[in-house]
Amino acid sequence: MRDTVGGVDSVVLRELVDVVGPAHVLTDRDVVASHEVDWTGRFRGSTSAVVRPADTAEVAGVLDVCRRHGLPVVPQGGNTGMVGGGVPLAGELVLDLRRLDHVGEVDVAAKQITVGAGATVEAVQRAAAAAGLRYAVDFGARGTATIGGSIATNAGGINVLRYGGTREQLLGVEAVLGTGEVISRLSGLVKDNTGYHLAGLLCGSEGTLGVVTAARLRLVPSHRHTVTALVAFESVATAIEAVSGWRSSLDVLDAAEIVLHDGVALVASAFGYSLPFEQPCAAHVLVEVSAHSDPTDLLAQAVADATGVVDVAVAHDAARRAVLWRYREEHTAAINTVGVPHKFDVTVPIAGLAEFMATVPQVVRSVEPDAVTWQFGHVGDGNIHVNVTGAAPDAEALDEQVYRYVVACGGSISAEHGIGTAKAKWLPMNRSAGELATMRAIKRALDPVGIMNPGVLLAR
Ligand code: FAD
Ligand code: 2HG
Ligand code: ZN
């Protein structure tokens with residue numbers, strides 16, 4: 001009879017140690033604990049081991065062991081994902097990719113960089129900035145989220161309306177597929193029509209097809225001037241209308257993010273900040289513009305042309321801009337202080353967005369009368385984060401009702417966070433039987449043994 005350590009065969013553990021070395025197969029309960037629960041605290045599982053490969057060859061070696069023993073794997077980067085896709089909910093092995101954190105030289109002429117999957121988004125942003133360029137994907141978890149995780153989830157963030165999401169920055173990847181095949185296309189050719197775009201396929205695949213080990217990323221020019229304004233509106237509807245107009249009139253627009261009065265008040269009280277304006281306002285839009293010549297006048301004119309503006313705070317230098325951004329970026333952490341949230345990361349067509357935001361709290365109350373609804377997000381691209389506190393983490397009826405309403409509004413149940421385990425059950429609301437069958441066929445082809453994140457995306 002063979003020994004087991006927390007459910008995994010000791011023979012398997014020895015084989016994993018042979019691949020990555022004894023220091024990088026973690027089995028101590030206290031050490032693995034942080035890998036077992038997600039950032040929100042809603043998704044908690046257990047694992048017998050966390051394996052920390054150093055490079056692509058070691059990732060391939062670990063997956064080879066897993067494939068031969070039929071051992072399911074959850075790839076994990078910074079563990080900032082919001083849909084329970086990066087934690088071992090069914091006892092899977094955790095593959096921690098943060099040692100693959102190489103950040104290559106910026107190719108200034110091509111405006112590109114090659115980085116390891118474990119590099120943080122912020123590390124890539126820093127490298128780009130040091131070369132006078134910019135990595136256009138940006139979001140609050142930048143300091144912890146990895147490039148691999150952001151590719152696996154096709155992360156969006158605050159600059160999508162100007163530069164697109166992660167997929168739009170991705171010129172190529174290196175990856176180990178569930179088949180064991182190692183693919184590498186990091187040349188960065190901008191025009192390269194030589195068959196299937198495998199990087200695009202892996203982007204958003206949430207670790208279900210393979211492990212991304214490196215990526216070639218597009219960089220954009222860094223503008224000399226950046227101006228941020230927090231604009232207070234009398235209503236959500238006027239705020240949305242203004243943003244819609246700015247999207248046409250302001251071609252220097254980088255970001256337009258909405259926060260509501262109750263969310264701003266929560267952030268202020270949770271972290272000890274003063275409120276941004278004396279008079280409470282229904283909605284605020286955090287708007288950011290950047291250009292080589294000072295865009296302040298363009299922004300001022302756009303704000304002056306908008307209806308329903310009650311107050312404005314403008315910031316030019318980095319420190320004061322950060323003060324305005326914290327009212328937006330600290331929503332996620334502030335809501336966590338209230339309770340474990342249900343997160344609905346949704347898009348609806350812009351024409352129906354104001355009505356959606358007015359109605360969704362009623363939809364929530366119809367199933368969970370005592371729950372509290374918080375709304376904020378990337379209004380510039382129609383992506384609203386609806387968070388609900390005060391409902392049990394497993395309140396499925398709540399999820400179902402909200403998603404049914406989103407779909408009835410012509411929307412998507414996942415704008416940018418992915419499907420993970422949290423939404424796998426609801427995916428057929430948004431995807432046809434034909435699409436799901438096609439995705440399953442791709443999954444079977446690239447992960448024939450079914451070891452790659454089996455609880456995620458196509459699980460139900
Ligand atoms: P993890 O959480 O570790 O993993 C996420 C998924 O990717 C899992 O399914 C995992 O199995 C898979 N995965 C991880 N690494 C790899 C790899 N190398 N190869 C294959 N699969 C892999 N998301 C947005 O889109 N926009 C936002 O504005 C945004 N803001 C956020 C703000 C905060 C405060 C937080 C906590 C999260 C936010 N997120 C946002 C969510 C999250 O999707 C991103 O933080 C990021 O994309 C996840 O990266 P990660 O390295 O933490 O991935
Ligand atoms: C953001 O935009 C993130 O801040 C997190 O996508 C959203 O906490 C959330 O619901
Ligand atoms: Zn977001």
Side-chain angles (χ1 to χ4, degrees), residues 111 125-126 128-140 142 157-164 219-261 263-264 267-268 273-331 350 376-383:
K111 294 207 282 297
Q125 291 172 342
R126 285 219 180 101
L133 294 166
R134 176 177 176 195
Y135 181 51
V137 174
D138 194 19
F139 48 84
R142 61 183 74 79
I158 56 186
N159 296 324
V160 169
L161 55 83
R162 187 160 188 180
Y163 297 107
L219 304 176
V220 299
S222 174
H223 294 127
R224 273 200 290 282
H225 301 269
T226 302
V227 185
T228 307
L230 187 64
V231 187
F233 285 88
E234 65 189 19
S235 68
V236 171
T238 51
I240 292 172
E241 198 187 312
V243 171
S244 195
W246 295 341
R247 290 215 57 193
S248 313
S249 65
L250 263 184
D251 57 9
V252 292
L253 186 63
D254 276 0
E257 301 280 317
I258 195 165
V259 287
L260 307 188
H261 172 69
V264 170
V267 169
Y273 307 147
S274 53
L275 288 170
F277 302 109
E278 271 176 24
Q279 194 186 335
C281 298
H284 309 73
V285 176
L286 192 76
V287 51
E288 189 156 281
V289 291
S290 73
H292 287 312
S293 51
D294 189 350
T296 306
D297 291 348
L298 292 173
L299 178 58
Q301 189 57 54
V303 173
D305 290 345
T307 308
V309 174
V310 179
D311 212 338
V312 187
V314 182
H316 292 86
D317 61 276
R320 283 153 58 115
R321 290 195 295 107
V323 167
L324 296 183
W325 269 106
R326 65 192 188 183
Y327 293 109
R328 160 64 182 93
E329 289 206 327
E330 294 182 18
H331 266 63
I350 198 88
F376 59 98
H378 317 288
V379 65
D381 58 37
N383 174 191

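- Of all heavy-atom pairs spanning G157 and F139, the tightest one is CA-CB, 4.1 Å.
- Relative orientation of the W246 and F233 rings is tilted, given thresholds of 30° and 60° on the angle between their planes.
- With values rounded to the nearest 0.5 angstrom, T228 atom OG1 is found 13.5 Å from R328 atom CZ.
- Considering CG of L253 and CG of L161, their distance stands at 5.0 Å, rounded to 0.5 Å.
- Side-chain atoms of E257 and W325 form no donor-acceptor pair, as typed in the model, at a separation below 3.5 Å.
- By the neighbour-count criterion of 12 heavy atoms within 6.0 Å, atom CZ of R321 is densely surrounded, having more than that number from other residues, nucleotides or ligands.
- For the pair D311 and Q279, the minimum side-chain heavy-atom distance is 4.5 Å or more.
- Looking at H378 and I158, their side chains come closer than 4.5 Å, going by heavy atoms from C-beta outward.
- No side-chain N or O of Q301 forms a donor-acceptor pair with one of D297 less than 3.5 Å apart.
- In this structure a side-chain-to-backbone donor-acceptor pair under 3.5 Å is present from R247 to G380.
- Under the 4.5 Å side-chain criterion, counting only non-hydrogen atoms from C-beta, S249 is not in contact with D305.
- Side-chain N or O atoms of N159 include none that pairs as donor or acceptor with a backbone N or O of R162 at under 3.5 Å.
- Contact between A282 and S235 at its shortest, heavy atoms only, is CB-CA, 3.9 Å.
- When all heavy atoms are compared, the tightest approach of L133 to P221 is CD2-CA, 4.1 Å.
- Note: E288 CD to L299 CG = 10.0 Å, rounded to the nearest 0.5 Å.
- At a threshold of 4.5 Å between non-hydrogen side-chain atoms, the residues V289 and L298 do not count as touching.
- In this structure, S290 and R134 approach most closely via the heavy-atom pair OG-NH1, 3.8 Å.
- Contact between H316 and T296 at its shortest, heavy atoms only, is NE2-OG1, 3.1 Å.
- Of the inter-residue distances, the one linking H225 atom NE2 with S293 atom OG reads 6.5 Å to the nearest 0.5 angstrom.
- Taking the six-membered ring where the residue is Trp, Y273 and Y327 present perpendicular rings, their angle passing 60° and hence far from 30°.
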### Query
Taking it one step at a time, do V227 and D294 satisfy side chain to side chain contact (heavy atoms under 4.5 Å, CB included)?
CA-CA 8 Å; V227 185; D294 189 350; 4.1 Å; yes

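- Q125 places a side-chain N or O within donor-acceptor distance of the main-chain N or O of V137, the cut-off being under 3.5 Å.
- A313 approaches L324 most closely through the heavy-atom pair O-CD1, 3.7 Å.
- Note that CG of D138 and CG of D254 are 10.0 Å apart. Values are rounded to the nearest 0.5 Å.
- Distance CZ/R326 to CG/L286: 12.5 Å, rounded to 0.5 Å.
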